[in-house]
Amino acid sequence: MSSMAQGTGDWFRRQFTASFDEQADRIGRFNLAIFGKTGVGKSTLINAIFGEDLAQTGIGEPVTKDSHLYMHHSGHFGVLDTRGLEIGLDNQQILSDLRDYVRGMRRLDLSEQLHVAWYCVRASDRRFEETEADFIRALDDLGLPVLLVLTQVPARKGTYHPDAVRLASEIVNMDLPITGGTPYMTYAKADEFAGFDAHGLQDVLDATFQVAPQGVQQALVAAQQIDFSRKRAEAKRAIDIATGAAAATGATPIPFSDAAILVPIQLTMMATISHIYDINLDRAVTASLAATAAATSAGRSAVGNLLKLVPGVGSMVGGAVNASIASTFTWAMGQAWTVVCIRLAKGGLVGVDGALDSDAIRTLFMSEFKDQARAKITGGAA
């Protein structure tokens, strides 16, 4: 690699990293409190929806001095659980610690506060004790929205096990302050041997979105790993914002090829989309370097050919053409980068050694970029 290319790569890495860190702070973190007796499947439920392996995050950090509440956090997701105490036996200690934390967290940034609580009950236990009901009422008194989740609920052809249905009915009759007024039936991890498919995860996620504060909605979108339609919608919003900004910038009479002022807009867009799909910094930087390298080398001829499709490009001058080109190409970059991030999020674009395949990223990005730009210019974009 030449010294000039190395210098360009180092500059890009610094700029992308700065944009990535800035968007991480802006998006923030969604924090979930999860409670339930030992063995009800709390970790399995969290792993199924958020893809987080709590074992890899250690024991977490105590939320206050001498607290039995621990906050584990990674990226845009945090989860609070109890350590060394048992629901039903140590309710008063847990709630005392929780009250102390809730009082203190009101003065913290939104990303440091608790946003939603899940209370989990294993369906096969066939009972829900009054101490658990009291615990849920106490959570509500603290101002936490509570979802009651029945775990390990067997279901066949859309029909829940009758014991789980009876238990849910008993809970409903207690008129607890729970989201939706009824438990959410779940089976977090498919059991091929028993013949049970996973179910109920989307319902729990949808209900969580309904009660989570608006300020952490994007963090929740980024953290969850089961609803890619929500991720796609957030990526589209980031692209639309960048496209509008690029059009305003491009309206000034500067040639597109020299419009360095567009770079921060496009980097912010790419960094935001990386967060939405939960791509870590190292992979995002490596992939974005490959993608932009394609756009600035092999992409030059493609850009020239695409420009010929812009109506009036040979006769119009100044702002009007530049605005059209700047917005179109920024939009196409965002669409192409989204496709790359989707593939990365699903474990694609890697070689046999597990490292990112830069050639595959370049090929995919440029193919999508040219198709999207051409469709946009000719009016065929969705």
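Not measured: the values here are computed from a predicted model. These numbers come from the heavy atoms of this one structure, side chains and all, not from hydrogens, waters or symmetry mates.
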Exercise. Once you round to the nearest 0.5 Å, how far does OG1 of T151 lie from CE of M185?
Worked result: 11.5 Å
For this session: Report yes or no: does S367 contribute a side-chain atom to a donor-acceptor pair with the main-chain N or O of T363 at less than 3.5 Å?
Result: no
For this session: Return the minimal non-hydrogen interatomic distance between K189 and T44, and the atom names on each side.
Result: CB-CG2, 4.1 Å
Exercise. I265 and T249: which non-hydrogen atoms are nearest, and at how many Å?
Worked result: CD1-OG1, 3.5 Å
For this session: Please step through side chain to side chain contact (heavy atoms under 4.5 Å, CB included) for the pair Y160 and H199, ending with a clear verdict.
Result: CA-CA 10 Å; Y160 300 124; H199 66 78; 3.6 Å; yes
For this session: Indicate the ring-plane relationship of Y119 and F128, choosing parallel, tilted or perpendicular according to the 30° and 60° boundaries.
Result: perpendicular
For this session: Would you confirm whether Q217, through its side chain, and A212, through its main-chain N or O, come within 3.5 Å as a donor-acceptor pair?
Result: yes
Exercise. Applying the 4.5 Å side-chain criterion to the ILVMFWY set and letting contacts propagate, would W331 and L267 be lumped into a single cluster?
Worked result: yes
Problem set entry | Note: E234-K231 ion pair, threshold 4.0 Å (strictly below) | no
Problem set entry | Cationic N near anionic O, under 4.0 Å, R137 to D140 | no
Exercise. With Q218, which of R230, H76, R26 fulfils side-chain contact (heavy atoms from CB on, under 4.5 Å)?
Worked result: R26
Exercise. For the residue pair A287 and I361, what are the closest heavy atoms and their distance?
Worked result: O-CG2, 3.6 Å
Exercise. Using the ring of each side chain (for Trp, its six-membered ring), is F369 parallel, tilted or perpendicular to F329, with breaks at 30° and 60°?
Worked result: perpendicular
For this session: Might you work through the salt bridge (Lys or Arg N to Asp or Glu O under 4.0 Å) test for R362 and D359, ending with a clear yes or no?
Result: CA-CA 5 Å; R362 291 190 192 96; D359 289 338; 2.8 Å; yes
Exercise. With distance as the sole criterion, is a donor-acceptor pair present between the side chains of T272 and Q23 under 3.5 Å?
Worked result: yes
Problem set entry | In one Ile/Leu/Val/Met/Phe/Trp/Tyr side-chain cluster, 4.5 Å: V340, M333 | yes
Problem set entry | Same cluster (ILVMFWY, side-chain, under 4.5 Å), F77 and L281 | yes
For this session: Measure up the F16 and W337 rings against each other and bin them: parallel (under 30°), tilted (30 to 60°), perpendicular (over 60°).
Result: perpendicular
Problem set entry | Distance-only donor-acceptor check, side chains Q113 and N31, under 3.5 Å | no
Seminar exercise, completed: When rounded to the nearest 0.5 Å, the distance separating CG of D227 from CD of Q202 is 4.0 Å
For this session: Let me see the working for D240 and K236 under salt bridge (Lys or Arg N to Asp or Glu O under 4.0 Å), right down to the final yes or no.
Result: CA-CA 6 Å; D240 289 345; K236 180 181 182 301; 2.9 Å; yes
Exercise. Can a salt bridge be assigned to the pair K37 and E129 using a cut-off of 4.0 Å between side-chain N and carboxylate O?
Worked result: yes
Problem set entry | Rounded distance [0.5 Å steps], CZ in R13 versus CD in Q15 | 13.0 Å
Exercise. Is it true that atom CG of N280 has more than 12 heavy atoms of other residues, nucleotides or ligands lying nearer than 6.0 Å?
Worked result: yes
Problem set entry | Distance-only polar pair, side chains of T38 and E86, donor-acceptor under 3.5 Å | yes
Exercise. What distance do I241 atom CD1 and T330 atom OG1 have between them, rounded to the nearest 0.5 Å?
Worked result: 13.5 Å
Problem set entry | Side-chain donor-acceptor contact under 3.5 Å, D206 with Q210 | no
Exercise. Is it the case that more than 12 heavy atoms not belonging to E192 sit under 6.0 Å from its CD atom?
Worked result: no
Exercise. Roughly how far, to the nearest 0.5 Å, is CD1 of I46 from CG of D81?
Worked result: 7.0 Å
Exercise. Which heavy atom in C341 sits nearest to a heavy atom in I273, and how many Å separate them?
Worked result: SG-CG2, 4.0 Å
Exercise. What is the distance from atom CG of D203 to atom OG1 of T208, rounded to the nearest 0.5 Å?
Worked result: 10.5 Å
Problem set entry | side chain to side chain contact (heavy atoms under 4.5 Å, CB included) between L344 and Y277, intermediate numbers included | CA-CA 8 Å; L344 290 174; Y277 285 97; over 6 Å; no
Problem set entry | Minimum heavy-atom distance I178-P183, with the two atoms named | CD1-N, 4.2 Å
Exercise. Can any side-chain N or O of D97 pair as donor or acceptor with the backbone N or O of H68 at less than 3.5 Å?
Worked result: yes
Exercise. Is V165 reachable from M174 through a run of hydrophobic residues whose side-chain heavy atoms are each under 4.5 Å from the next?
Worked result: yes
For this session: Taking all non-hydrogen atoms of both residues into account, name the closest pair between Y101 and E112 and its distance.
Result: OH-O, 2.9 Å
Problem set entry | Transitive ILVMFWY side-chain link V121 to L95, under 4.5 Å | yes
